[in-house]
S.K.: 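Pasting a structure here, questions to come.
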Protein chains: 2
Amino acid sequence: MSRFWSPVVHQLTPYVPGEQPKVNRLIKLNTNENPYGPSPRVLEAIRAAASDDLRLYPDPGCTSLREAIARHHQMNPAQVFVGNSSDEVLGIVFQALLKQPQPLLMPDISYGFYPVYCGLFGIEHRKVPLDEELAIRVEDYRQPCGAVILANPNAPTGHLLSLSAIRTLLEDHPDQPVVIDEAYIDFGGESAVTLVNEYPNLLVVHTLSKSRSLAGLRVGYAIGQTGLVEGLERVKNSFNAYPLDRLALAGATASFEDDEYFRQTCAAVIRSRETLREGLQDLGFEVLPSAANFVFARHPARDAAGLAAGLRSEGIIVRHFRQPRIEQYLRISIGTDEECGSLLTALAGLLRA
Amino acid sequence: MSRFWSPVVHQLTPYVPGEQPKVNRLIKLNTNENPYGPSPRVLEAIRAAASDDLRLYPDPGCTSLREAIARHHQMNPAQVFVGNSSDEVLGIVFQALLKQPQPLLMPDISYGFYPVYCGLFGIEHRKVPLDEELAIRVEDYRQPCGAVILANPNAPTGHLLSLSAIRTLLEDHPDQPVVIDEAYIDFGGESAVTLVNEYPNLLVVHTLSKSRSLAGLRVGYAIGQTGLVEGLERVKNSFNAYPLDRLALAGATASFEDDEYFRQTCAAVIRSRETLREGLQDLGFEVLPSAANFVFARHPARDAAGLAAGLRSEGIIVRHFRQPRIEQYLRISIGTDEECGSLLTALAGLLRA
């Protein structure tokens, strides 16, 4: 606390990210990182960029990266906005598009950062409850509002909306910006990027942290029609004109140039997810259908907080949210098959105890 | 333009950074980059960090880097806040400390990003004119206000305030946050970081872009008493919890571990500045005293915009601001001695023409 703070600071409830333990040798299944490293071409590109040119500012337009992203999605580079992680991109999206005279709609259970941005930027919002299966029902968003944001697949549930549901949402809100946060889309969903040219109100947000194994590089992006991207650029250039350093630009661009590696690692994660799901069900867990690189599961007879603590004492970290409706669930990131095997063994032991 | 923008976006006047030309072979003296590359230890540390660990999130607390910065300044790590460039740090400072019920004071001629932040965050501000020598006079800030920000040395003038003048400013405003932006302090000034433990209202902002030759890595920091740093952390964790990637953390930390290289390159830039100043004076330029890695100069008989255009056509870029009071000045970054020599030769030619 300090008497020198701006008034808004006193009211903030900052986001609390999942633990990043400093001890190695833990099995870390708590923050949805990819169990596989990035493409070797990413590492090469970064090493090549580690040169005396670091004395120079990076390209503020991030041209090469935006071109690589545009090629991947078969879009135009002017429809691509890039930033220092999808968190920063979202922060800019909240300022540039989601602060409207009417309240913003978001799911009651979703990425925990959304209401935090609202606190920082003074955005009135209304939470729309998930249905009884913890799924988003787009019909529930048919109400007056200034804008909509949701994650697809949703976090921490893993639940996926179909493209036709997204289309319904877009058509229900022709005069409002609709933001679809697709952090986990590459693990089994169909991206709404294909709808961008049809819907001027649609913005789709992606990250390189999950499916491209680059949580440590901090790169995210958004795709929408050029007017939306121009709004994001205006806010970005009123805050931080060069958010991507030369190394992040080089590494991220290289990631989009190795499509085969990307497809292989996503497929491996999906296979491991299905094996883990079966293993958890064999232990008596209820596992929500997931299209993400995590599963959301509860055991009918065991307290989730107790299970999380038990796993922790065996060197395995999973995520547990002390939050109404989901406090009996564990969110478990998909590790390697070996890591998932260790998790199942540890859980079997805890359930026997 | 888009009808989906938040209302504030329509009123923004984003910052326009100096040109980053895509053509090589230009002599680039327009954005105050260091003519020397970063320490070889920085490059080694980055190459070592280009590993599979990039799949993992970075340390959100940036502990090693904050410890290295604290050691350099003989402060406590809890007094250090780090961010993705000093632009991002300043953006957070404007939100966390400078949005007060009373207007913010800033020099009328200074870093052009300050009023841009005010536009984005809705901060009322009042500009205090520089004196006739284009110097900041701290006495002129004796007026009711909510906070003060200034750059020392100031940009684009290079003018340096003494520590005792900063002390006067701090004592004139015991109830207001006072932010000193020391982007250029290592080129000849005395840092106000030594006053932090005495003044709870003081925050000092630094960058690694200039004196540490790392404009391409995007790292900045602020030092103040822990209450101020806590306010910055709250805003940061309400916007982007991991702004520094693993490579930036590794490289920046290594920079603080090679003090000798840092001192040598700063000394070389200072020597080149003094040589350039004399060379410009020999050509008839008036050169303001500079404690930065640039000089601010005008020729009594030649139009600055014309000179800038003439230099450009000879492959040399300097910065010219179309702004009242300084439109007849050129801001020239200090290059290598060879680059400064080419500049002087080109200017001599233009003056003869």
Side-chain angles (χ1 to χ4, degrees), chain A residues 1-2 4-6 8-9 12 14-15 17 20 31 33-34 36-38 43 46-47 50 52-60 84-85 87-88 91 95-100 116 119-120 177 201 213-218 227-228 230-231 234-235 237-243 245-248, chain B residues 1-2 4-6 8-9 12 14-15 17 20 31 33-34 36-38 43 46-47 50 52-60 84-85 87-88 91 95-100 116 119-120 177 201 213-218 227-228 230-231 234-235 237-243 245-248:
Chain A
M1 257 281 286
S2 161
F4 298 106
W5 289 0
S6 304
V8 67
V9 180
L12 294 178
Y15 180 70
Q20 299 297 340
T31 52
E33 288 142 336
N34 202 305
Y36 307 106
L43 304 183
I46 291 168
R47 288 186 198 117
D52 277 355
D53 280 355
L54 284 172
R55 71 181 184 84
L56 299 171
Y57 282 92
D59 169 17
N84 173 256
S85 79
D87 283 346
E88 191 201 53
Q95 290 171 89
L97 305 176
L98 303 183
K99 185 168 179 165
Q100 301 290 348
V116 174
L120 181 60
N201 54 334
S213 307
L214 286 171
L217 201 63
R218 319 307 302 126
L228 298 188
E230 191 195 331
R234 287 177 73 113
V235 169
N237 290 322
S238 300
F239 179 70
N240 184 5
Y242 307 85
D245 66 57
R246 286 177 165 263
L247 305 166
Chain B
M1 257 282 285
S2 162
F4 299 106
W5 289 1
S6 303
V8 67
V9 179
L12 294 178
Y15 179 70
Q20 299 296 342
T31 53
E33 288 143 336
N34 201 304
Y36 307 106
L43 303 184
I46 290 168
R47 287 186 198 119
D52 276 355
D53 281 356
L54 284 173
R55 73 181 183 84
L56 301 170
Y57 282 93
D59 169 17
N84 173 254
S85 79
D87 283 346
E88 191 200 54
Q95 290 171 89
L97 304 176
L98 303 184
K99 185 169 179 164
Q100 300 290 347
V116 175
L120 181 61
N201 54 334
S213 309
L214 286 170
L217 201 64
R218 319 308 302 128
L228 298 189
E230 193 196 331
R234 288 177 74 114
V235 170
N237 289 322
S238 300
F239 179 71
N240 183 5
Y242 307 85
D245 66 56
R246 285 177 167 263
L247 306 166

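To find a chain, count down the sequence lines: A is the first, B the second, and so on, and within it residues start at 1. Note that the coordinates shown come from a computational prediction; the quantities given were computed from them, not determined experimentally.
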S.K.: Find the one option among Asp53(B), Leu247(B), Leu56(B), Asn201(B) whose heavy-atom pairs under 4.5 Å with chain A are most numerous.
M.R.: Leu56(B)
S.K.: Name the region of Leu217(B), side chain, backbone, both or neither, that has any atom closer than 4.5 Å to a heavy atom of chain A.
M.R.: both
S.K.: Please state whether the side chain, the backbone, both or neither of Val8(B) comes within less than 4.5 Å of a heavy atom of chain A.
M.R.: side chain
S.K.: Would you confirm whether Ser6(A), through its side chain, and Leu97(B), through its main-chain N or O, come within 3.5 Å as a donor-acceptor pair?
M.R.: yes
S.K.: Could you tell me whether a side-chain N or O of Arg246(B) sits under 3.5 Å from a main-chain N or O of Tyr57(B), the two making a donor and an acceptor?
M.R.: yes
S.K.: Please give me the minimum heavy-atom distance between Ser238(B) and Leu12(A), naming the atom from each residue.
M.R.: OG-CD1, 3.8 Å
S.K.: Using heavy-atom distances under 4.5 Å, tell me whether Asn84(B) contacts chain A through its side chain, its backbone, both, or neither.
M.R.: both
S.K.: Counting distance only, does the side-chain N/O of Ser213(A) pair as donor-acceptor with the main-chain N or O of Tyr36(A) below 3.5 Å?
M.R.: yes
S.K.: Using non-hydrogen atoms and a 4.5 Å limit, figure out which bit of Asp59(A) sits close to chain B: side chain, backbone, both or neither.
M.R.: side chain
S.K.: Side chain, backbone, both or neither: which part of Gln20(A) has a heavy atom under 4.5 Å from chain B?
M.R.: side chain
S.K.: When only pairs under 4.5 Å are counted, which of Val235(B), Asp87(B), Val116(B), Leu120(B) shares the most heavy-atom pairs with chain A?
M.R.: Leu120(B)
S.K.: Quick check on Leu214(A) against chain B: is it the side chain, the backbone, both or neither that has a heavy atom closer than 4.5 Å?
M.R.: both
S.K.: Mind listing the closest non-hydrogen atom pair of Asp52(B) and Gly37(A) along with its distance?
M.R.: OD1-CA, 3.6 Å
S.K.: Which bit of Glu88(B) is near chain A, if near means a heavy-atom gap under 4.5 Å: side chain, backbone, both or neither?
M.R.: both
S.K.: Could you report the tightest heavy-atom contact between Arg218(B) and Asn240(A), atom names first, then the distance?
M.R.: NH2-OD1, 4.4 Å
S.K.: Which one of Arg47(A), Gln100(A), Arg55(A), Met1(A) has the most heavy-atom pairs closer than 4.5 Å to chain B?
M.R.: Arg55(A)
S.K.: Does Arg234(B) use its side chain to pair, donor to acceptor, with the backbone of Val9(A) at less than 3.5 Å?
M.R.: yes
S.K.: With distance as the sole test, does Ser2(A) use its side chain to make a donor-acceptor pair with the main-chain N or O of Leu228(B) at under 3.5 Å?
M.R.: no
S.K.: Relative to chain A, which segment of Ser85(B) carries a heavy atom at a distance below 4.5 Å: side chain, backbone, both, or neither?
M.R.: side chain
S.K.: Please round to the nearest 0.5 Å and tell me the distance separating atom CZ of Phe4(B) and atom CG of Leu98(A).
M.R.: 12.5 Å
S.K.: Only pairs of heavy atoms separated by less than 4.5 Å count here; which of Pro38(B), Ala241(B), Pro60(B) has the most with chain A?
M.R.: Pro38(B)
S.K.: I need the residue from Gly227(A), Pro58(A), Gly91(A), Ala96(A) with the largest number of non-hydrogen atom pairs under 4.5 Å to chain B.
M.R.: Ala96(A)
S.K.: Could you have a look at Ala50(A), Pro243(A), Ala215(A), Ala248(A) and say which one has the most heavy-atom pairs with chain B under 4.5 angstrom?
M.R.: Ala215(A)
